[in-house]
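Here the structure comes first, spelled out in structure tokens, and everything after it is commentary.
What you are looking at is a predicted structure, and each value in this text was computed from that prediction instead of being measured. Order of the sequence lines fixes the chain letters, A, B, ..., with proteins taken first and strands second; residue numbering starts at 1 for each chain. Computed from heavy atoms alone, side chains included, the values below leave out hydrogens, waters and symmetry copies.
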Amino acid sequence: MANIKLNIPALEIHDLTVAFDRKPVLWNIDLTLPQGKLVGIIGPNGAGKSTLIKSVMGLLPLSSGYVKLFDQDLATVRNKVSYVPQRNSVDWDFPVSVLDVVLMGRYAGLGLFKKIRPADKEMAMDCLRKVGMENFANRQISQLSGGQQQRTFLARSLAQQADVYFMDEPFAGVDAATEKTIIQLLQSMTQQGKTIIVVHHDLHAVTSYFDWLVMLNTRLVAHGATSEIFTRENLQHTYGGKLTLLSDVGELFKREELPNREM
Amino acid sequence: MENVIDFFSFSDPNVRYVTLGIIFIMACAAMVGTFTFLTKKSLLGDAIAHAVLPGICVGFMLAGTKNPFVLIPAAFAFGWLSLLCIDFITNKSRIKEDTAIGLVLSLFFAIGIFLLTIIQKNGNANQSGLDHFLFGKAAALVMGDIIAFSIVALLLMLLTLLFFKEFTLISFDKNFAISSGVPVRALEILQTGMIVLTVVIGIQAVGVVLMAAVLITPAAVARYWTDNIKTMLAIALLTGVFSGIAGAYLSYSAPNMPTGPWIVIFISTLALLSFFLSPKKGIINKILKQKRYKRQIQDENVLKTLYQLGEKTNQFFLSQQEASISDKRFFAKNILSNSLHRLMRNGFVTKQKNAWQLTDAGKLRGQRLVKIHRLWELYLTTYANIAPDHVHEDADTIEHFLTPELEAALEQQLNFPEKDPHQTIIPYQ
């Protein structure tokens, strides 16, 4: 794996359309994100924020378009990419400890048939320390609070030692103190050149958290430096309900089972 | 008794075959079933078990005998075919997976019974015992079966060990596994193959109908006793193997009994016991815990009442009759007397001539309860915006269960106030 040049974009999305049951939830997204930024993806419920990062991670089939990370296909740069799923996407009553979960971040790098090494454990403990969870390493995961679950997921992601991180609502159900710890950690990571892309569910603190924004409502409304694009007009376009026609058309596709692209 | 010695001395080669075969089957089922259980795919095992019956019949028709090296591949093929059908229906129609499983399971089973009847009608002498696949008969296992089973069991054990960390990851968080580059699709196919293999070797001893229980129940039992996935696998293995041996013995001592039902009754009994007795999740422990809480509340209410009686006169160590305690706050007579005697045994009150008085420790504990009660009322009216006449009941519960840490935090946040919302003094040390 050659070193990544700084001037190439961390993420490039070209003409991406994603549909569920034929109903498009993302239409024609064209997007380029530079390296080293803390990027917020914002938009109303159902805007396709989670869908966007899931399709970048190859978890959903694309109806059209392609995704490049550091100018390459996901498959070739997978070890540079980390994904933090929504906290409630897993069953927390699973019989493993916090440390076990964090170690899962090391599995892909280790490869099949390989055992966890002491070095992996130390690495995992270090990641737990960064999120302030070192005292919970041996705790069964069903005994964690929402904020602790989120920090466990974050530690697992850190253990992957990636260059770009995609995080799905890392602040959902998290107390104010945890949110502050997390955002400070993310900011210090971007200072080391990491790119962090965060799905964010509300508008509070957007300007102080993110230096780059993606404003999304089924289609891309705007993307760029927060100071430039976080405007009243763009917010109105994103949240103002002007796009109901678009979702009506989407419903039509689903109801009539129309093809998403010309055959 | 003679039976027991005959069986467990393993001097009869038949008994050796049967026991070995059962051990292999139950070990495979427990290992594979642990991950099926954790992935919440329990129904799938049932579908596969029913779907392999036509495979067994076709295998027999091809070979003309019950040769396991023909039956197993044929059964495997049909098990796999059923899964493809389920996938196809789920992906290409509006039918949900559970319905698809139900549809495919019954159709394949019907075809199986149909073929079985044809075989039985056509009078091949080798067919005797083919119907054992329905309910299972361990006694029918022969040397060839045991060799085939041991190969399968070793293979499955090896695969489980090799892919243990990946199987764990996929069961816990499949999306993360995919995103991090673990070959999830291939591993899932492998896992499904392992389920099918287990079912195929299992049904001869356990039967098509009961195979699902053998897969899932050991894992369910194990989950009650541990929060560690490795320990869980070990307990599931032990549970399965133990129930298997027990079932084989019972079926040996009563020759007309099928083995499957005995094994299932055994594991299910273990599951029922775990449901009641497990130290963390068991029902009995939960009931006992509630009972302890109830007692604690009663005892503390009595202490609190004694303290409040003392508050009136500012003399906390006066003797009180049971009647005057009940006047201050109603207690059923026997409950009050039980509580007082428990408190006496624990050193919180003493008894003198039918009257009760607080000890130093008793006064301290009563005072803490009163303090927390009043602080909590103040907290609710100040921070939660609840009217002063609505806070009493809430505080009545909280006072018993607030931890010392939360108590300190409460004092800090309210900054040690002097009076509660009803203008009553809050007692500190």
Side-chain angles (χ1 to χ4, degrees), chain A residues 21 50 53-60 74-87 89-101 103-116 120 138-143 152-153 156-157 159-162 165-166 168 257, chain B residues 34-35 37-42 90-96 158-187 190-191 219-236 278-281 409:
Chain A
D21 200 9
S50 297
I53 65 171
K54 275 189 189 154
S55 29
V56 170
M57 293 312 306
L59 301 174
L60 297 171
L74 175 65
T76 44
V77 284
R78 222 184 265 270
N79 59 343
K80 300 274 176 199
V81 185
S82 170
Y83 169 58
V84 181
Q86 278 185 23
R87 179 168 59 84
S89 67
V90 303
D91 173 12
W92 287 93
D93 192 28
F94 197 82
V96 288
S97 70
V98 169
L99 185 63
D100 291 333
V101 173
L103 281 168
M104 288 176 186
R106 309 292 297 167
Y107 286 4
L110 273 172
L112 300 172
F113 314 121
K114 298 272 169 50
K115 281 179 89 170
I116 295 286
D120 295 309
N138 295 317
R139 183 80 59 99
Q140 212 278 321
I141 56 168
S142 64
Q143 293 164 14
T152 305
F153 261 9
R156 179 178 70 173
S157 165
Q160 291 184 288
Q161 298 182 292
Y165 295 80
F166 293 88
D168 203 344
E257 304 193 354
Chain B
T34 298
F35 288 105
F37 174 83
L38 288 174
T39 331
K40 305 191 169 62
K41 290 216 166 134
S42 304
T90 319
N91 290 334
K92 300 287 174 195
S93 75
R94 287 170 170 273
I95 294 171
K96 298 270 179 288
L158 198 69
L159 288 172
T160 307
L161 283 178
L162 279 179
F163 295 110
F164 185 79
K165 70 182 201 301
E166 282 77 18
F167 286 164
T168 309
L169 172 57
I170 295 174
S171 317
F172 174 60
D173 193 346
K174 187 170 146 187
N175 275 348
F176 180 81
I178 298 173
S179 80
S180 63
V182 172
V184 173
R185 185 83 194 113
L187 287 166
L190 178 69
Q191 234 174 350
V221 168
R223 188 66 188 91
Y224 272 107
W225 298 94
T226 178
D227 279 332
N228 178 313
I229 187 165
K230 286 180 188 155
T231 319
M232 182 180 162
L233 193 64
I235 297 178
S278 147
K280 267 189 197 158
K281 305 179 175 180

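- Counted within 6.0 Å of NZ on Lys281(B), heavy atoms from surrounding residues, nucleotides or ligands total more than 12; the atom is thus considered enclosed.
- Looking at Ile141(A), only its side chain comes within 4.5 Å of chain B, counting heavy atoms on both sides.
- Within the model, atoms CG of Leu162(B) and NZ of Lys114(A) stand 12.0 Å from one another, a figure rounded to the nearest 0.5 Å.
- Salt-bridge formation is not detected for the pair Asp100(A)/Lys230(B): no Lys NZ or Arg NE/NH1/NH2 atom is positioned less than 4.0 Å from an Asp or Glu carboxylate oxygen.
- Shortest non-hydrogen contact noted between Met104(A) and Thr168(B) is CE-CG2, 4.3 Å.
- Using a 4.5 Å cut-off between heavy atoms, Lys40(B) contacts chain A through its side chain alone, with no backbone atom that close.
- For chain B, no part of Val84(A) is nearby; none of its heavy atoms comes within less than 4.5 Å.
- Here Asn228(B) is the residue among Leu187(B), Thr231(B), Asn228(B) with the most heavy-atom pairs under 4.5 Å with chain A.
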Exercise for review: Please lay out, stage by stage, how Phe172(B) and Asp91(A) fare under the test side chain to side chain contact (heavy atoms under 4.5 Å, CB included).
Suggested key: CA-CA 7 Å; Phe172(B) 174 60; Asp91(A) 173 12; 5.9 Å; no
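- When every heavy atom of Asp93(A) is checked against every heavy atom of Arg223(B), the shortest pair comes out as O-NH2, 2.8 Å.
- When all heavy atoms are compared, the tightest approach of Gly181(B) to Arg78(A) is CA-CD, 3.1 Å.
- Of the residues considered (Ile116(A), Val96(A), Leu112(A)), Leu112(A) shows the highest number of contacts with chain B, using heavy-atom pairs under 4.5 Å.
- Nearest heavy atoms, Leu59(A) versus Asn175(B): CD2-O, 3.5 Å.
- To the nearest 0.5 Å, atoms CZ (Phe94(A)) and CE (Met232(B)) are separated by 8.0 Å.
- Below 30°, between 30° and 60°, or above 60°: for Phe113(A) and Phe163(B) the angle between ring planes is between 30° and 60°, a tilted geometry.
- Residues meeting the side-chain contact (heavy atoms from CB on, under 4.5 Å) test with Ser179(B), sequence neighbours left out: Met57(A), Tyr83(A), Phe176(B).
- Pairing each heavy atom of Ser180(B) with each of Gln160(A), the nearest pair is CB-NE2, 3.3 Å.
- Put simply, NZ on Lys165(B) and CZ on Arg106(A) are 12.0 Å apart, with the number rounded to the nearest 0.5 Å.
- Contact annotation: the side chain of Ser97(A) never approaches that of Asp227(B) to less than 4.5 Å [non-hydrogen atoms, C-beta and beyond].
- Here the shortest heavy-atom pairing between Pro95(A) and Leu38(B) reads CD-CD2, 3.6 Å.
- Separating the CD1 atom in Ile178(B) from the CG atom in Leu60(A) is a distance of 9.5 Å, to the nearest 0.5 Å.
- Interface residue Phe153(A): only side-chain heavy atoms are found under 4.5 Å from chain B.
- Using a 4.5 Å cut-off between heavy atoms, Leu110(A) touches chain B through its side chain atoms alone.
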